[in-house]
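Worksheet: one structure, shown below.
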Amino acid sequence: MRKLLVLFLVLLFISCEKNETNDILPEISFSETVNLNLPQYIDLQVPSGWAYTSGAIQGIIIQNTGIGNPSFKAFERACPNYDCSIPMVFDGSLKLKCSCDNSEYSIYDGSPQTSGNRHFAREYRVVKSGSVLIITNF
């Protein structure tokens, strides 16, 4: 039993990965409130639903992943690898896309999906209270 526990802890330790953000994105302090009952956020009430909202640097993309507590992920729309004035877009697939350099990032963890990119899309904290999401920087 002890060997199994040690093996589990070793695997847990080596599987941890740090999400890097890009230094060109400024560190900001914000809090954005999203009421899930409003018409513009109705898609967030079902798993895989998503919506854009204002706040942060160039706006925020929110997705209901259907898993976890809360089951929502929120990412900065500013491209993490390029000083780009156009926000990233999400087409409902599994990736955020930066139109300035065509780089792509996972909507589930922000990991770069384009070869050569090492910075993750900036993820924000989401807390659900009733039918309201509170999105803040970590």
Side-chain angles (χ1 to χ4, degrees):
M1 179 72 172
R2 178 175 253 164
K3 289 181 183 181
L4 185 60
L5 179 62
V6 170
L7 178 63
F8 174 75
L9 290 174
V10 169
L11 289 174
L12 181 66
F13 178 74
I14 62 173
S15 68
C16 292
E17 184 176 317
K18 184 176 187 236
N19 294 358
E20 295 183 41
T21 57
N22 195 336
D23 292 338
I24 67 168
L25 295 179
E27 291 295 329
I28 60 167
S29 181
F30 75 94
S31 180
E32 187 70 27
T33 302
V34 171
N35 184 337
L36 297 173
N37 293 325
L38 293 175
Q40 64 264 38
Y41 302 117
I42 199 79
D43 289 342
L44 288 172
Q45 293 184 9
V46 295
S48 77
W50 60 277
Y52 295 128
T53 191
S54 59
I57 300 168
Q58 287 186 345
I60 302 167
I61 173 74
I62 309 163
Q63 185 185 31
N64 181 342
T65 63
I67 55 174
N69 187 16
S71 61
F72 297 90
K73 293 280 191 169
F75 290 95
E76 172 62 52
R77 290 186 61 200
C79 297
N81 286 313
Y82 192 77
D83 191 9
C84 183
S85 61
I86 303 169
M88 287 194 288
V89 295
F90 181 65
D91 62 4
S93 66
L94 299 176
K95 299 175 185 171
L96 293 162
K97 187 171 185 176
C98 181
S99 49
C100 291
D101 64 358
N102 292 320
S103 58
E104 296 179 331
Y105 304 88
S106 168
I107 190 65
Y108 291 105
D109 64 2
S111 62
Q113 304 295 300
T114 306
S115 178
N117 288 353
R118 64 182 182 107
H119 299 290
F120 282 57
R122 186 172 288 175
E123 185 174 358
Y124 294 124
R125 182 174 185 226
V126 180
V127 175
K128 185 173 187 241
S129 177
S131 62
V132 173
L133 300 179
I134 301 165
I135 303 167
T136 59
N137 58 328
F138 285 101

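All figures in this text were calculated on a predicted structure; none of them were measured in a lab. Residues take their numbers from the sequence shown, with the count starting at 1. Side-chain atoms are counted along with the backbone in the values below, which use heavy atoms only and exclude waters and symmetry mates.
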Between Pro70 and Val126, the two heavy atoms sitting closest are CG-O, 3.2 Å
Does a donor on one side chain sit under 3.5 Å from an acceptor on the other, for Glu76 and Tyr124? yes
Please find the pair of heavy atoms, one from Leu96 and one from Ala121, that lie closest to each other, and give the distance. CD1-CB, 4.4 Å
Could you state the interatomic distance from SG (Cys79) to CD (Gln58), rounded to the nearest 0.5 Å? 7.0 Å
Is there a path of hydrophobic side-chain contacts, each under 4.5 Å between heavy atoms, that joins Val127 and Val34? no
Between Arg77 (side chain) and Met88 (backbone), is there a donor-acceptor pair under 3.5 Å? yes
Taking Ile62 as the starting point, is it possible to reach Val89 by hopping between hydrophobic residues whose side chains are less than 4.5 Å apart? no
Mind checking the OG1-OH spacing from Thr65 to Tyr108? Nearest 0.5 Å is all I need. 7.0 Å
Taking ring-ring contact (aromatic ring centres under 6.0 Å, His included) as the cut-off, I'd like each qualifying pair that reaches into residues 43-75, sequence neighbours left out, listed once. Trp50-Tyr52, Trp50-Phe90
Which is it for Cys84 and Cys100 under the disulfide (SG to SG under 2.5 Å) test, yes or no, and what are the steps along the way? CA-CA 6 Å; Cys84 183; Cys100 291; 1.8 Å; yes
Verify whether one side chain among Tyr105 and Thr114 offers a donor that lies under 3.5 Å from an acceptor in the other. no
Is it true that Ile86 and Ile57 fall in one hydrophobic cluster, defined by side-chain heavy atoms closer than 4.5 Å? no
Please report the interatomic distance OG(Ser111) to NZ(Lys95), rounded to the nearest 0.5 Å. 9.5 Å
ILVMFWY cluster, Leu38 and Ile60 together (side-chain gap under 4.5 Å): yes
Under 3.5 Å donor-acceptor pairs involving side-chain atoms of residues 128-138, not counting sequence neighbours:
unit_1 : atom_1 : unit_2 : atom_2 : d
Lys128 : NZ     : Gly130 : O      : 3.4
Ser131 : OG     : Asn37  : ND2    : 3.1
Asn137 : ND2    : Ile28  : O      : 2.5

Quick check: does any side chain N or O of Asn64 sit under 3.5 Å from a backbone N or O of Gly66, one acting as donor and the other as acceptor? yes
About how many Å separate CD of Glu104 and NZ of Lys97, when rounded to the nearest 0.5 Å? 5.5 Å
Reported CD1-to-CD distance for the pair Ile107 and Glu123, which is rounded to 0.5 angstrom: 9.0 Å
State, with a plain yes or no, whether a side-chain heavy atom of Ile42 is found less than 4.5 Å away from one of Leu36. no
